[in-house]
Amino acid sequence: MATIRRRAAFGLAAAAMLGTTASPAAAEPAETPEDVTPPDAVRARARISFVYRRETRRARGTWSSHVSIVDPDGRVIPAVDDNADAVVNAQSVNKIAVAVAVLDKVDRGLIELDQKVALTPEIIIKDGDGIFRLHKVYGDQITVAAALAALLLVSDDTAVRLCGLVCPAAELNEILRAKGFVHTQVIPVANPNRFYLGKTTARETHSLLEQLVAGKLLSADSTAFILDVLRSKDGYIDGVRRTMSTAERERVATKAGWLNSDRHEAGVIFDGNAKPMLTYAVFATGAFTGDAAANDANFGGTHPALEARARMGRAMLDAVSRLHSGSARSYRMRAYVPVNGG
């Protein structure tokens, strides 16, 4: 009887997903749907929505998210639409938008990927994230390509300033607005080549990623540049990609961002043929489960929001693993092969 009840409950949940997307406040089913890898888009959608509700309720905090899947006919189907139009502090998730603006200038021939910028002592941000601050001595000439790779792979904060040398704040915002991203904007400061990473919404970040993989924002080469870096196994793995194998991690292009109580992540999950299957933008802030001061100082995988995202990530990957994307675009990357120097 228990099995019948579970299946009946899941059937109702799947049917409900045809008409609307549940919010975290919706009633949670008594038991977890048993189809971890559902065979069709409707059930996949229901599974993702269920896990999102469960994990956000456990972690608490304030969430703003938009998640969608692509069905075999190529239709984009929302799975989560939770306060997705709220304007939030984007933190380092907006480094994707910065990279898009810089590469837009590359595509238009205004700058080159092999163009050099100077890694001077004054430009180094000595705190925060990244590799450039660890050099200890400075004076390198860094290519724009190297700055972008550091920006996206290890979320290098100094790389933000290096990008500002070739794409000032006002121009960066203008490029994003021209592409339709009116909320995804950086915050200019007195120095025109510097800026804070600014604001966005879950819906706009989701749209930026969706348009990126659809080839609507940048050239094929520039699109591949961003996706190859974001899918690298050497990138961020504390959230959505945490409980995945190496091969599975390389099917996920992701970018996280954090500061104070903000814990954000956005990206794209690909199928085995390197076609985009699922796009997510998950922003979380506020009072999470546990001690607030301890949480604010914890940027690692044991933070309640990151633990929630890790479970969401596994569920999202599993939910679409038996589906086939209707996308015509495939973004293959070279398979990872470990080496031992030489």
Side-chain angles (χ1 to χ4, degrees), residues 16-28 45-46 48-57 59-70 75-101 172-188 195-214 216-217 239-240 253-269 276 278-288 305 308-309 312-313 316:
M17 287 301 101
L18 282 169
T20 186
T21 305
S23 70
E28 184 175 348
R45 181 184 183 187
I48 293 164
S49 178
F50 175 89
V51 173
Y52 176 84
R53 294 197 311 270
R54 182 190 69 196
E55 295 305 326
T56 54
R57 291 178 68 178
R60 300 182 184 176
T62 300
W63 296 74
S64 174
S65 307
H66 195 60
V67 181
S68 70
I69 62 174
V70 179
R75 294 174 300 182
V76 176
I77 303 175
V80 173
D81 192 342
D82 177 20
N83 200 28
D85 295 310
V87 178
V88 299
N89 292 313
Q91 309 305 358
S92 287
V93 171
N94 256 8
K95 288 174 180 173
I96 303 176
V98 172
V100 166
L172 195 158
N173 282 338
E174 182 180 350
I175 291 170
L176 293 175
R177 284 194 300 269
K179 293 181 181 295
F181 306 114
V182 297
H183 296 298
T184 306
Q185 300 277 283
V186 300
I187 300 175
F195 48 83
Y196 293 111
L197 286 166
K199 307 281 187 177
T200 191
T201 69
R203 196 178 308 280
E204 278 202 1
T205 294
H206 177 281
S207 178
L208 186 148
L209 289 164
E210 187 180 47
Q211 291 186 51
L212 180 71
V213 296
K216 296 179 180 179
L217 294 185
V240 164
T254 200
K255 183 74 192 74
W258 54 83
L259 185 68
N260 301 322
S261 69
D262 295 346
R263 299 294 184 274
H264 308 328
E265 191 167 359
V268 179
I269 294 177
L278 181 150
T279 304
Y280 59 92
V282 180
F283 295 83
T285 193
F288 298 100
R309 292 208 316 265
M312 289 179 203
M316 290 190 295

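Quick caveat, the model's predicted, so the values are computed rather than measured.
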Those residues that, when tested against Phe283, pass ring-ring contact (aromatic ring centres under 6.0 Å, His included) (two or more places apart): His264

Residues in ring-ring contact (aromatic ring centres under 6.0 Å, His included) contact with Phe195, at least two apart in sequence or another chain: none

Can you check whether [Y]'s main-chain N or O pairs, donor with acceptor, with [X]'s side chain at less than 3.5 Å?
| X | Y | value |
| --- | --- | --- |
| His66 | Val282 | no |
| Thr56 | Tyr52 | yes |
| Ser65 | Asp82 | no |
| Ser92 | Lys95 | no |
| Thr200 | Thr184 | no |

Pair Ser261-Thr285, side-chain hydrogen bond (donor to acceptor under 3.5 Å, both in side chains): steps then yes or no: CA-CA 5 Å; Ser261 69; Thr285 193; 2.9 Å; yes

Any Val182 side-chain heavy atom under 4.5 Å of Glu204 side chain: yes

Arg53 and Ser49: side chain donor to acceptor below 3.5 Å: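 Ser49 and Arg53 do have a side-chain donor-acceptor pair below 3.5 Å.
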
Nearest heavy atoms of Gly198 and Ile187, plus distance in Å: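 Minimum heavy-atom separation between Gly198 and Ile187: CA-CG1, 3.7 Å.
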
Qualifying residues under salt bridge (charged side-chain N to carboxylate O under 4.0 Å, His left out), relative to Arg263, sequence neighbours excluded: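 Partners of Arg263 by the salt bridge (charged side-chain N to carboxylate O under 4.0 Å, His left out) criterion come out as none, since no residue qualifies.
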
Sequence-distant partners of Glu265, salt bridge (charged side-chain N to carboxylate O under 4.0 Å, His left out), two or more places apart: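 For Glu265, the residues satisfying salt bridge (charged side-chain N to carboxylate O under 4.0 Å, His left out) (neighbours in sequence not counted) are Arg309.
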
Euclidean distance, Glu210 CD relative to Thr205 OG1, rounded to 0.5 Å: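 Between Thr205 OG1 and Glu210 CD, I get 12.5 Å after rounding to 0.5 Å.
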
Contacts of type side-chain contact (heavy atoms from CB on, under 4.5 Å), residue Asn89, not counting sequence neighbours: Gln91, Lys199, Asp262

Residues that Arg60 engages under side-chain contact (heavy atoms from CB on, under 4.5 Å), provided they are two or more places apart: Thr289

